[in-house]
Amino acid sequence: MAKERFEKVYSQGAMNVTEIWVDRETGVNYVYHISGYAGGLTPLLDRDGKPVITPVTGEQKTWS
């Protein structure tokens, strides 16, 4: 069975939820926030304004 491309690595909250998702192909981290019926997704940036990248190993790229 193929693995999912995105992996949730952090979650907090119940009504106002904030999550961090990692793209297993590129390593880019994304922040997802939802409050009520509204939500948004954006790349997670470091202090220099560059995307936070998680190192990607070849083992993770098992989907087609």
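One is the number of the first residue; the rest follow in order along the sequence.
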| query | Under 3.5 Å, is there a donor-acceptor pair between the side chain of Asn16 and the main chain of Ala14? | reply | no
| note | One should read off an interatomic distance between Glu4 CD and Asp23 CG, to the nearest 0.5 angstrom, of 12.0 Å
| task | Would you indicate whether the side-chain heavy atoms of Val52 and Leu45 approach each other to under 4.5 Å? | result | no
| query | In Å, rounded to the nearest 0.5 Å, how long is the span from NE2 of His33 to OG1 of Thr42? | reply | 13.0 Å
| Is there a side-chain contact between Val56 and Arg24, using heavy atoms and a 4.5 Å cut-off? | no
| said: Do Gln12 and Ile20 have side chains that approach each other closer than 4.5 Å (heavy atoms only, starting at C-beta)? | reply: no
| About how many Å separate OH of Tyr30 and CG of Leu44, when rounded to the nearest 0.5 Å? | 11.0 Å
| In terms of hydrophobic clustering (I, L, V, M, F, W, Y; side-chain heavy atoms under 4.5 Å; direct or indirect links), are Tyr10 and Ile34 co-clustered? | no
| About how many Å separate CZ of Phe6 and CG of Leu41, when rounded to the nearest 0.5 Å? | 8.0 Å
| said: Return the OG1 to CD1 distance between Thr26 and Ile53, rounded to the nearest 0.5 Å. | reply: 6.0 Å
| message | Under a 3.5 Å distance rule, please check whether Asp48 uses its side chain to pair with a backbone N or O of Lys50 as donor and acceptor. | response | no
